[in-house]
Amino acid sequence: MTFQFKEIKKYKKLIKDKEEIVLATLIKEKKSILQKINELENQYIGIQSKIRALYNDNFNLSLVNLYNDNLNIVSDEIKENKNNIQEIDKKIESQKIIIKNATIEFKKFEKLEENHIKTQTELEKYNEKKELDEIVSNREFRKE
């Protein structure tokens, strides 16, 4: 019986570990997207300063339009990445719940195994005491 508990507990731990890896992957993906958003925001600021420079120096409408198009593209990318972050945040929260449940399952089998071992130990002690009592009883009986 102990063997079954160990195998089940091992399996439950494996599931928990797998889910933790999924969470770590999601967090890593979120960090990567946040870094990309930061880079895009810097790119956006750079394009804005180029437009300002054009207004101050040699105004060129076609260049301003080109930079504005670039600003719109970068802005759309930023929005898209922020939406991705929101989706990943939802997945992360969901994954945390899955990990919590997997941890509870693992702990449950861990406790069942402990209780089983405790019961087995108590049963062995009881049987040893019973056997010892029988031996003592037989000695007493033989003396008479």
Side-chain angles (χ1 to χ4, degrees), residues 1-140:
M1 188 82 163
T2 304
F3 174 74
Q4 289 175 335
F5 280 120
K6 284 185 181 182
E7 289 301 311
I8 293 171
K9 190 176 82 170
K10 188 176 173 183
Y11 173 71
K12 295 292 182 179
K13 178 151 178 42
L14 192 67
I15 290 172
K16 180 177 144 293
D17 291 347
K18 184 188 92 157
E19 296 299 341
E20 287 173 346
I21 290 171
V22 170
L23 177 63
T25 303
L26 287 170
I27 291 171
K28 185 177 179 183
E29 184 179 350
K30 180 180 176 178
K31 284 182 181 179
S32 172
I33 293 173
L34 286 172
Q35 184 178 2
K36 186 172 182 178
I37 288 173
N38 190 34
E39 290 169 3
L40 287 169
E41 286 172 342
N42 289 337
Q43 185 178 353
Y44 188 88
I45 291 169
I47 294 171
Q48 282 181 325
S49 45
K50 286 180 183 176
I51 292 174
R52 276 189 223 106
L54 281 176
Y55 278 116
N56 293 334
D57 297 336
N58 302 334
F59 183 77
N60 183 335
L61 184 61
S62 60
L63 262 178
V64 170
N65 286 334
L66 182 65
Y67 285 139
N68 276 330
D69 289 345
N70 283 342
L71 275 179
N72 291 333
I73 291 170
V74 171
S75 178
D76 289 344
E77 278 187 61
I78 290 171
K79 287 177 188 173
E80 183 181 323
N81 281 303
K82 286 184 178 181
N83 288 337
N84 289 343
I85 290 290
Q86 289 176 344
E87 290 299 315
I88 289 176
D89 282 340
K90 289 176 187 175
K91 288 178 184 178
I92 286 173
E93 289 307 310
S94 173
Q95 196 62 29
K96 285 179 180 178
I97 292 169
I98 291 169
I99 290 172
K100 179 182 174 188
N101 292 335
T103 302
I104 289 169
E105 280 293 307
F106 172 71
K107 296 280 185 188
K108 190 185 319 179
F109 277 95
E110 200 171 48
K111 190 68 175 171
L112 282 172
E113 181 185 34
E114 287 174 17
N115 289 342
H116 178 71
I117 291 170
K118 183 179 174 185
T119 304
Q120 288 299 107
T121 305
E122 288 173 359
L123 184 61
E124 287 174 14
K125 286 180 182 178
Y126 172 77
N127 286 336
E128 287 174 5
K129 186 176 185 280
K130 185 178 170 185
E131 192 176 311
L132 192 60
D133 287 347
E134 286 178 13
I135 291 171
V136 170
S137 173
N138 282 339
R139 280 188 183 168
E140 291 296 317

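This one's a predicted model, so the numbers in the text were calculated from it and none came from an experiment.
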Non-hydrogen side-chain atoms of L132 and K129 separated by less than 4.5 Å: no
Between NZ on residue K118 and CG on residue L123, distance to nearest 0.5 Å: 14.0 Å
From K50 atom NZ to L63 atom CG, the distance as rounded to the nearest 0.5 Å: 10.0 Å
Shortest non-hydrogen contact between I47 and Y67, atoms and distance: CG2-O, 3.5 Å
N38 side chain vs L34 backbone, donor-acceptor pair below 3.5 Å: no
CD1-CD1 distance between I97 and I92, expressed to the nearest 0.5 angstrom: 12.5 Å
CA sep, side-chain torsions, deciding dist, call: E105, K108, salt bridge (Lys or Arg N to Asp or Glu O under 4.0 Å): CA-CA 5 Å; E105 280 293 307; K108 190 185 319 179; 2.8 Å; yes
Any side-chain heavy-atom pair of N84 and N81 under 4.5 Å: yes
Residues, nucleotides or ligands: over 12 heavy atoms within 6.0 Å of E131 CD: no
Intermediate values then yes/no, side-chain contact (heavy atoms from CB on, under 4.5 Å), E7 and Y11: CA-CA 6 Å; E7 289 301 311; Y11 173 71; over 6 Å; no
Heavy-atom donor-acceptor pair, S94 side chain to K90 backbone, under 3.5 Å: no
Closest heavy-atom pair and its distance - K12, F106: CB-CA, 4.0 Å
Minimum heavy-atom distance between I99 and E19, given as atom pair plus value: CD1-O, 3.6 Å
Carboxylate-amine/guanidinium proximity below 4.0 Å for E87 and K91: no
Least distance between heavy atoms, L40 atom then V74 atom: O-CG1, 3.3 Å
Sub-4.5 Å side-chain heavy-atom contact between Q120 and H116: yes
Euclidean distance, K10 NZ relative to I15 CD1, rounded to 0.5 Å: 13.5 Å
Step-by-step side-chain contact (heavy atoms from CB on, under 4.5 Å) determination, K100 to K96: CA-CA 6 Å; K100 179 182 174 188; K96 285 179 180 178; over 6 Å; no
With sequence neighbours excluded, residues passing side chain to side chain contact (heavy atoms under 4.5 Å, CB included) with T121: I117, K125
Point-to-point distance, once rounded to the nearest 0.5 Å, from CG of N68 to CD1 of I73: 11.0 Å
Under 3.5 Å: donor-acceptor pair, side chain of Q95, backbone of E20: no
From I88 atom CD1 to K30 atom NZ, the distance as rounded to the nearest 0.5 Å: 8.5 Å
Any side-chain heavy-atom pair of E113 and F109 under 4.5 Å: no
Minimal non-hydrogen separation, E110 against K9, with atom names: CA-CD, 3.7 Å
Full working for side-chain contact (heavy atoms from CB on, under 4.5 Å) between L71 and I51: CA-CA 10 Å; L71 275 179; I51 292 174; 3.5 Å; yes
